[in-house]
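Working notes, structure below.
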Amino acid sequence: MRMSKLVGRQVKETPKDAQTVSHRFLLRGGYIRSVSAGIYTLLPLGRRVVSKVEAIIREEMDRVDGQEMLMPVVLPGELWEESGRYDTVGDELLRFQDRNEKAMVLGMTHEEAVVHMARTELSSYKQLPAMVYQVQTKYRDEARPRAGLIRVREFTMKDGYSFHANSECLEAYYERCHDAYVSIFQRIGMKDVQVIQADPGMMGGNVSHEFMAVAECGEDTIFLSPDRSYRSNRDVATTGLTFVQEGALPLEKVHTPGKTSIEDVAAFLDATPEQTGKAVFYTTGNDELVFVVIRGDLEVNETKLRNHLKESELRLATDREIEDIGSVPGYASPLGVAAEKVQLVFDRSARHSSNLIVGANEVDYHYRNFNFERDLAELAESVEIVDIATARAGDPCPLTGEPLEITRGIEVGNIFQLGTKYSAAMGATFLDPNGKRAPLIMGCYGIGIGRAMAAVIEQSHDQYGPIWPMSIAPYQVHICALNYKKEAVRTVADLLYAELHASGFEVLLDDRGEKAGFSFADADLIGIPLRLIISPKTIANGEAEFKRRGSEGKDMVALDAVVERLKAELARES
RNA sequence: CGGGGCGUAGCGCAGCCUGGUAGCGCGACUGCUUUGGGAGCAGUAGGUCGGAGGUUCGAAUCCUCUCGCCCCGACCA
């Protein structure tokens, strides 16, 4: 490609709307342009990078027996009603009506569509397992798009769906897909991708993993053990915390005037927050009250609680609601709680700690020395004890006991063992060898392609621009022809350009005749890995200067050795 | 959806407080010179000041409403 004809200019000044590194460089390098909040046009350079990412993904998906297909972006609402998600998914699902006032949606993921296909195409165990995938536009009406391609409304995703006759088959295939993902992210040049346990969320299912590109600007918080053997999303992270267990002291009611917060009570009674039990009330979507007890220094993790209760809606209860069940806000107590009016949930921290300070369910009073075993013996059967605490940096790792570290990550891929959630709801069944009908067992596998491109830049750049891995660079070689308007330079540059083309290289030729600094700065901003500089000086010696993007060194190469040299450089990459 | 910020030429901004009919840098176009880290000179084109309403003799500037964009948070396969 000749740069004089390349659509998409490089911009010197940083657009004020761009904050993150990848956003700035994608904009400035002429890779993308914003059309509306979270909606982008891919310029030719950006399209080339994305095509390469897609090609690698296709190869790896085909290698695990995936079959590429293509489903529609616009889907009938009734399909989403069948799965139940028409109502359960929030406003991210863009709903609209067609001219006949029929409810339609823009696909934000394609479980419904793929099950619609599967229930007519997959009817026998002999066809299983099967995996189909597509590279397709998704639309999610995000409340707040941000950070360029990291969080957008319209985006391209590779989504794959597997179908199995039994869960062993799903689990085995899930592993294969996991490995394919590891290899995809390696091949597109990501330097640090952590596979972590995740919360399946609205997708449903039990097992799910997220592929996180470690980056400062990431939106997700990841917990890691120092040796990386434990890796988890904040939503599911657990800890190896131990709890103080000593002999139970006598229960003692104490006057604590006006002390309603954990900090105040602890300070007033000369104790630490770890020696207290905190009462937190939630209200479910059905207006039922949940009474959570957790050690005072810990915070409730609402995602864990939501999963435990199998409630999609959960909010903090109002004082009024707390009073309605006979509890006293600020002094609520597990002791004497109206167990028939409220679901009592004990975090393991409160269950396994002894002699806690808890509310007395009476204004201005607390109890010392609450012990679950002794004081709630009669409820021991009915009270659920679970881990619903938010993990903290520095908490012991559940596997190694080492302090957990926290880092930020960009979710570039995720995989789920869906099970039969969609197939059962939508009647996608197959006949097993005994002629028995059963719902298909499913897995699904996604990669955000634009996001992956942005994540690579986050992990591979310098102050001047991206440093593309060879595997996804828009071009492999960038020729800066200085003084291109001089015939001698033009002749050599054009010849080299043609020669490299003939040898199979992807080449960008800067034939604009700009000043050296201008040309170099644009080359840095584009970030192509191999650079050749041709100028009156170099051709006088029959040479070109070779430089690798992102490294300091440069050297002179004889013009007739250039192809060979570049081939060697290319080989070094793979 | 809560909080904050910003909308003036393709991009980055000044002007607004204290109303008087729009400017700077970069970019674009033409010509000449220049050519190894974002060149110089001369010239040209380009803006209903996000939109609507109001106050005023007069509004980019003051008031009201509205739309859009960015950031933080909530939310988020």
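So you know, we letter chains A, B, ... as the sequences are listed, proteins then strands, and number each from 1.
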Would you mind classifying the nucleic acid contact of Glu545(A) as base, sugar-phosphate or nothing, using non-hydrogen atoms under 4.0 angstrom?
-> base
Could you tell me whether Asp91(A) contacts a base, only the sugar-phosphate backbone, or nothing, with contacts defined as non-hydrogen atoms closer than 4.0 Å?
-> nothing
For C62(B), the Watson-Crick or wobble counterpart (both distances under 3.5 Å) = G54(B)
Expressed in whole Å, how much space separates the P atoms belonging to C70(B) and A28(B)?
-> 27 Å
Hunt down the Watson-Crick or G-U wobble partner of A74(B), both distances under 3.5 Å, from any strand shown, or write none.
-> none
Identify whether any heavy atom of Arg512(A) sits under 4.0 Å from a base atom; if not, whether one sits that close to sugar-phosphate; answer base, sugar-phosphate or nothing.
-> nothing
Distance between P atoms of C62(B) and C16(B) (Å, rounded) | 9 Å
Among the candidates G36(B), G73(B), A39(B), find the nucleotide nearest to the side-chain atoms of Arg146(A).
-> G73(B)
Between A22(B) and G50(B) - P atom distance, rounded Å | 15 Å
Remember a base hit wins even if backbone is also touched, and classify Ser34(A) as base, sugar-phosphate or nothing at under 4.0 Å, heavy atoms.
-> nothing
Taking every non-hydrogen atom, the tightest pair across Leu525(A) and Tyr31(A) | O-CE1, 4.3 Å
Do NZ/NE/NH1/NH2 and the carboxylate oxygens of Asp511(A) and Lys5(A) come within less than 4.0 Å?
-> no
Between A59(B) and G54(B), how far apart are the P atoms? Round to whole Å, please.
-> 12 Å
Take atom C1' in U21(B) and the same atom in U56(B), then report the distance between them in whole Å.
-> 14 Å
Give the rounded distance in Å between these two atoms: NZ of Lys16(A) and P of G68(B).
-> 16 Å
Write down the distance separating the P atoms in C29(B) and G23(B), rounded off to the nearest Å.
-> 24 Å
Within this structure, what is the CZ-to-C1' distance between Arg9(A) and G12(B), rounded to whole angstrom?
-> 14 Å
Checking Arg451(A) against Phe155(A): charged group under 6.0 Å from the ring centre and within 45 degrees of the axis?
-> no
When you compare C11(B) with G46(B), how far apart are their C1' atoms, in angstrom units rounded to a whole number?
-> 14 Å
Just to confirm, is there a sub-4.0 Å distance from OP1 or OP2 of G36(B) to any side-chain nitrogen or oxygen of Ser519(A)?
-> no
5'-most contact on RNA chain B (nearest-nucleotide basis), Arg153(A) vs Ile534(A), goes to Ile534(A)
With a non-hydrogen cut-off below 4.0 angstrom, is Glu13(A) in contact with a base, only sugar-phosphate, or nothing?
-> base
Given that both distances must come in under 3.5 Å, which nucleotide forms a Watson-Crick or G-U wobble pair with C49(B)?
-> none
Using whole Å, report how far CG of Leu525(A) lies from C1' of C11(B).
-> 14 Å
Give one of base, sugar-phosphate or nothing for Ala521(A), where a contact means two heavy atoms less than 4.0 Å apart.
-> base
Indicate, with a heavy-atom threshold strictly under 4.0 Å, whether Asp522(A) touches base, sugar-phosphate, or nothing.
-> base
Identified salt bridge (charged side-chain N to carboxylate O under 4.0 Å, His left out) partner of Arg531(A) from the options Asp524(A), Asp510(A), Asp522(A) | Asp524(A)
Would you mind checking if Lys158(A) and Glu68(A) are paired as a salt bridge, meaning a charged N to carboxylate O distance below 4.0 Å?
-> no
Establish, from distance only, whether the side-chain atoms of Glu112(A) and Ser83(A) form a donor-acceptor pair under 3.5 Å.
-> yes
Watson-Crick/G-U partner (both atom distances under 3.5 Å) of A42(B) = U30(B)
Pairwise P distance, G43(B) and C26(B) [rounded to whole Å] = 15 Å
Have a look at Tyr139(A) and say if it touches a base, only the backbone sugar-phosphate, or nothing, with a 4.0 Å heavy-atom cut-off.
-> nothing
Starting at SG of Cys217(A), measure out to NE2 of His23(A) and round the result to the nearest 0.5 Å.
-> 11.5 Å
NA contact type, Arg144(A), heavy-atom cut-off 4.0 Å: base, sugar-phosphate, or nothing?
-> base
Return the value, rounded to whole Å, for the distance between atom NE2 of His23(A) and atom P of C11(B).
-> 13 Å
Position toward the 5' end of RNA chain B (nearest nucleotide), Ile447(A) or Pro145(A) | Pro145(A)
